[in-house]
There are 2 protein chains.
Amino acid sequence: MRRVVHPSADQISLAGVLSALGDPIRLEIVTVLSDGQEHVQPDFVVPVGQSTLSHHMKTLRDAGVVFSRPEGTRCFVSLRAELEQKFPGLLDAVLRSTRPAAAQDARAGG
Amino acid sequence: MRRVVHPSADQISLAGVLSALGDPIRLEIVTVLSDGQEHVQPDFVVPVGQSTLSHHMKTLRDAGVVFSRPEGTRCFVSLRAELEQKFPGLLDAVLRSTRPAAAQDARAGG
DNA sequence: TCCTTTAATCGATAATCGTCGATGATAGGT
DNA sequence: ACCTATCATCGACGATTATCGATTAAAGGA
């Protein structure tokens, strides 16, 4: 697999992260990744071609949202741990927001 | 003051909100607005011209992040209440993230 | 050594975005 | 009726973005 580049932790900016998350397809990608497991590209069911998916993956990687680990012919992707350390609770809040507020009200209200 | 348009609450999308917040200048605007008060354009000290500031304001308005209330020759801007109802805790997490994680650690740990 | 698989990269295109200066709209003051 | 203040809109520009199909790189298997 080809070489992939990751920014250092201090290069991760809030605006960059939010901008990367501000896209339905990339939001779907991080939702899949929110199980904490590693995933490969076929795991993401998105209505774009392979090259476009790879491009979105690079966008998330460059923003510091995901980590890519090439192994053999595949590339395992997971959420980047530094993100939670740098912006505690941010990703959780985003992931909660992908579910309708009504469902959260029901859960909170009993 | 000219007419301004706001989207209805159900037109506010998570991707749209995150995309709107994914810009340093707009992040600065919402930080100023986070005191819960109404503000006018001169309150936002940003390194862009007036027309560009107005454009950013429209971006935030169209995304459902801010509410604009024209009065006389001025336009009072505030955070939109529906945002918290639709995406509870999201804006708080973003605003917390605008401060270094170290400061939050000190607050939580000390 | 070929063939297959997986995913990054390339080249192209259309669309969107951030920015500016200038202009227009509206309200208030003199 | 004029001038001023505030802010939205217009037109333009360069830069970035999302998308695609085709190609390339790297690894594994026959």
Side-chain angles (χ1 to χ4, degrees), chain A residues 1-7 11 13-30 32-33 37-78, chain B residues 1-7 13-30 32-33 37-78 80:
Chain A
M1 192 47 49
R2 244 131 153 177
R3 191 149 203 71
V4 290
V5 178
H6 293 88
Q11 286 174 325
S13 74
L14 177 58
V17 169
L18 294 176
S19 183
L21 294 177
D23 177 278
I25 292 192
R26 294 193 290 265
L27 227 29
E28 170 62 25
I29 292 174
V30 300
V32 170
L33 292 175
Q37 301 300 119
E38 287 185 320
H39 289 270
V40 289
Q41 284 194 13
D43 292 346
F44 308 106
V45 190
V46 288
V48 293
Q50 182 269 320
S51 65
T52 301
L53 175 55
S54 189
H55 164 73
H56 282 300
M57 216 54 91
K58 175 176 166 58
T59 299
L60 287 169
R61 194 167 52 230
D62 288 350
V65 177
V66 307
F67 183 80
S68 297
R69 183 175 66 83
E71 183 180 298
T73 66
R74 288 179 299 178
C75 189
F76 292 96
V77 181
S78 56
Chain B
M1 191 49 48
R2 239 130 151 183
R3 191 149 205 70
V4 291
V5 178
H6 294 88
S13 74
L14 177 58
V17 168
L18 294 176
S19 183
L21 295 176
D23 177 278
I25 292 194
R26 294 193 290 265
L27 229 28
E28 170 61 25
I29 293 175
V30 300
V32 170
L33 292 176
Q37 301 300 119
E38 287 185 318
H39 289 271
V40 289
Q41 285 195 10
D43 293 345
F44 309 105
V45 191
V46 288
V48 293
Q50 182 270 320
S51 65
T52 301
L53 174 55
S54 189
H55 164 74
H56 282 301
M57 216 54 90
K58 175 176 164 60
T59 299
L60 287 170
R61 197 167 50 232
D62 289 349
V65 177
V66 307
F67 183 79
S68 297
R69 183 175 66 83
E71 182 180 299
T73 68
R74 288 179 299 180
C75 190
F76 293 95
V77 181
S78 56
R80 191 160 163 182

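Just so it is clear: chains get the letters A, B, ... in the order the sequence lines come, proteins before strands, and each one is counted from 1. No experiment lies behind these values; they were computed from the predicted model shown.
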Output all residues satisfying side-chain contact (heavy atoms from CB on, under 4.5 Å) with Ser51(A), sequence neighbours left out; order by chain, then residue number. none
For Glu38(A), side-chain contact (heavy atoms from CB on, under 4.5 Å) partners two or more places apart: Arg69(A), Phe76(A), Ser78(A)
How many whole angstroms separate atom CZ of Arg69(A) from atom C1' of dT6(C)? 15 Å
dA7(C) C1' sits how many Å from Leu60(A) CG, rounded? 15 Å
Quick test of your reading: applying ring-ring contact (aromatic ring centres under 6.0 Å, His included), list the pairs with at least one residue in residues 39-62 of chain B, sequence neighbours left out, ordered by first then second residue. none
Rounded to the nearest 0.5 Å, how far does [atom2] of [Y] lie from [atom1] of [X]?
X	Y	atom1	atom2	answer
Asp62(A)	Ser19(A)	CG	OG	11.5 Å
Thr59(A)	Asp23(A)	OG1	CG	8.5 Å
Met57(A)	Cys75(A)	CE	SG	8.0 Å
Ile29(A)	Leu60(A)	CD1	CG	5.5 Å

Stretch residues 39-59 of chain A: residues that reach within less than 4.0 Å of DNA chain C through a heavy atom: Val40(A), Gln41(A), Pro42(A), Gln50(A), Ser51(A), Ser54(A)
All salt bridge (charged side-chain N to carboxylate O under 4.0 Å, His left out) counterparts of Asp43(A), not counting sequence neighbours: none
Estimate the overall bend of the helix from dT1(C)-dA30(D) to dT30(C)-dA1(D) from the end axes over five pairs each, rounded to 10 degrees. 10°
State which residues pass side chain to side chain donor-acceptor pair (under 3.5 Å) with [X]; sequence neighbours excluded, sorted by chain then number.
X	value
Gln11(A)	Ser8(A)
Ser68(A)	Arg61(A)
Gln37(B)	none

Which residues share a ring pair (Phe, Tyr, Trp, His ring centres under 6.0 Å) with Phe67(A), sequence neighbours left out: His6(A)
State, yes or no, whether a side-chain contact exists between Leu33(B) and Val65(B) at a heavy-atom distance under 4.5 Å. no
Across nucleotides 24-30 of chain C, 5' to 3', mark each nucleotide with B, S or - according to how protein heavy atoms within less than 4.0 Å reach it. BSSB---
DNA chain D: first to last nucleotide in contact with chain A (atom under 4.0 angstrom from a heavy atom), 5' to 3', is dA18(D) to dA27(D)
